[in-house]
Amino acid sequence: MKISGKTALITGGASGLGEATVRHFHQLGARVAIFDLNADRGQQIVSELGDDRAAFYAVDITSGPAVEAAVAKVIERFGSLHICCNYAGIAPVVKTIGRDGPGDLELFSKVIQVNLIGSFNVARTAAFAMAKNETLTEDGERGVIIHTASVAAYEGQIGQAAYSASKGGIVSLTLTMARDLARNGIRVNAIAPGLIHTPMFDAFPQEVYDSLAKQPLFPVRLGQPAEVAHLAQHLVENTYMNGECVRMDAGIRMQAR
Ligand SMILES: NC(=O)c1ccc[n+]([C@@H]2O[C@H](COP(=O)([O-])OP(=O)(O)OC[C@H]3O[C@@H](n4cnc5c(N)ncnc54)[C@H](O)[C@@H]3O)[C@@H](O)[C@H]2O)c1
């Protein structure tokens, strides 16, 4: 599917990988709708993009009614929806046991709620809207959904119990959702990034940053958000990509810590 002239909903679009994809797809000629909790940053990006092809919606992706209302607003504003990229996510440390007792169940639930259930919530609402589109290509495509997993889905490190479980859920969800939506002409893929330099890395002490940056096989550096946006572009444009979770990690295999 060509990106130019299409409408893309991008969750987590106010930061990191989501922001890079917002800017990239906008530059390729798409209309972009940012769903994020960070209204200041979201509005700032929209004003920087500086035209009527960008809009921000303050949405908590875990809320069914909020997401349904915001998708309705996107359709009202841009006419239809063709692409949904799910980047919004959180990654707090949750261990199986703590010093004073069993691991934090509430925090574990929250991570699953945001990363897994939130992604399903946005995707189900977007897919329902996409299913109403006229077919867009000879193959009968109506829409494309891209989830964000992580290499932690396969090699979760110590402290990533909740995060890796949520991302493993995303990997499992991808093929099943592609099967559900095949009859509607909607493709579903996922990206599993390795270590990508987003704002959270700026907070790390230099020695931690340097040690992480040495871990990829080749090239030996952190990935850039624009490289993830480039893969998202490919997953939208290449009609034969479906039901797949693509690792984008310079060959890294995470160790236990
Ligand atoms: N950066 C990496 O190295 C890396 C590696 C693997 C996977 N990922 C995944 O990629 C995605 C993006 O990561 P990032 O580094 O850009 O993160 P980030 O923290 O820079 O951006 C995440 C955005 O999601 C938003 N968000 C969080 N909870 C939300 C909610 N309930 N509703 C709406 N918006 C919400 C935040 O406000 C933020 O703007 C995440 O799912 C993350 O798990 C990142």
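First listed ligand is number 1; within each ligand, the first listed atom is number 1. Excluded from the calculations below are hydrogen atoms, water molecules and symmetry mates; all remaining heavy atoms, backbone and side chain alike, are included.
Counting heavy atoms closer than 4.0 Å to ligand 1, residue R41 contributes nothing at all. Neither the backbone nor the side chain of N115 has a heavy atom within less than 4.0 Å of ligand 1.
A salt bridge is absent between R187 and E244: the closest approach of a Lys/Arg side-chain nitrogen to an acidic carboxylate oxygen does not fall below 4.0 angstrom. Here R23 pairs with E19 in a salt bridge; the nearest charged N to carboxylate O distance falls below 4.0 Å. Ion pairing between E155 and R247 holds under the 4.0 Å rule for side-chain N and carboxylate O. A salt bridge is defined here as a Lys NZ or Arg NE, NH1 or NH2 lying under 4.0 Å from an Asp or Glu carboxylate O, and E227 with R221 meets this definition.
Here the protein heavy atom with the shortest distance to atom 18 (P) of ligand 1 is S15 OG, 3.6 Å. In terms of protein heavy atoms, atom 26 (N) of ligand 1 is closest to A88 CB, 3.9 Å. Taking atom 11 (C) of ligand 1 as the reference point, the nearest protein heavy-atom neighbour is Y87 O, 3.0 Å. The shortest contact between atom 15 (O) of ligand 1 and any protein heavy atom is with T198 OG1, 2.8 Å. Protein heavy atom in closest approach to atom 33 (C) of ligand 1: V59 O, 3.1 Å. Shortest contact from atom 32 (N) of ligand 1 to any protein heavy atom: I61 N, 3.0 Å. Of the protein's heavy atoms, G89 O, 4.0 Å lies nearest to atom 22 (C) of ligand 1.
For the atom pair S164 OG and I158 CD1, the distance stands at 11.5 Å (nearest 0.5 Å). Here L195 contributes atom CG and I252 contributes atom CD1; the two are 4.0 Å apart, rounded to the nearest 0.5 Å. Put simply, CD on Q44 and CG on L49 are 10.5 Å apart, with the number rounded to the nearest 0.5 Å. Separation of atoms CD1 (I10) and CG (D36) is listed at 11.5 Å; rounding is to 0.5 Å.
Within a 4.0 Å radius of atom 8 (N) of ligand 1, the protein contributes at least one heavy atom.
Residue-ligand proximity: K167 is placed with a non-hydrogen atom under 4.0 Å from ligand 1.
For Y163, a nitrogen or oxygen atom sits less than 3.5 Å from a nitrogen or oxygen atom of ligand 1, counting backbone and side chain alike. Residue A149 has no N or O atom closer than 3.5 Å to an N or O atom of ligand 1. Not a single N or O atom of P193, backbone or side chain, sits closer than 3.5 Å to an N or O atom of ligand 1.
Nearest-heavy-atom check against atom 44 (C) of ligand 1 across I196, L37, L17 picks out L17. Counting only non-hydrogen atoms, the option in I34, D60, T148, N38 that gets closest to atom 31 (N) of ligand 1 is D60. Looking at V122, V228, I191, D36 and measuring to atom 38 (C) of ligand 1, the nearest heavy atom belongs to D36. Of the options G223, S150, G194, the smallest heavy-atom separation from atom 4 (C) of ligand 1 is shown by G194.
Two rings, from F35 and Y57, have their centers less than 6.0 Å apart.
Annotation for R253: atom CZ counts as buried by contact number, over 12 foreign heavy atoms lying within 6.0 Å. Environment of CG in D40: sparse, with no more than 12 heavy atoms of neighbouring residues, nucleotides or ligands closer than 6.0 Å.
For ligand 1, the atoms closer than 4.0 angstrom to any heavy atom of L195 are 3 (O).
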Derivation of the side-chain contact (heavy atoms from CB on, under 4.5 Å) call for I117 and T62: CA-CA 7 Å; I117 300 176; T62 64; over 6 Å; no
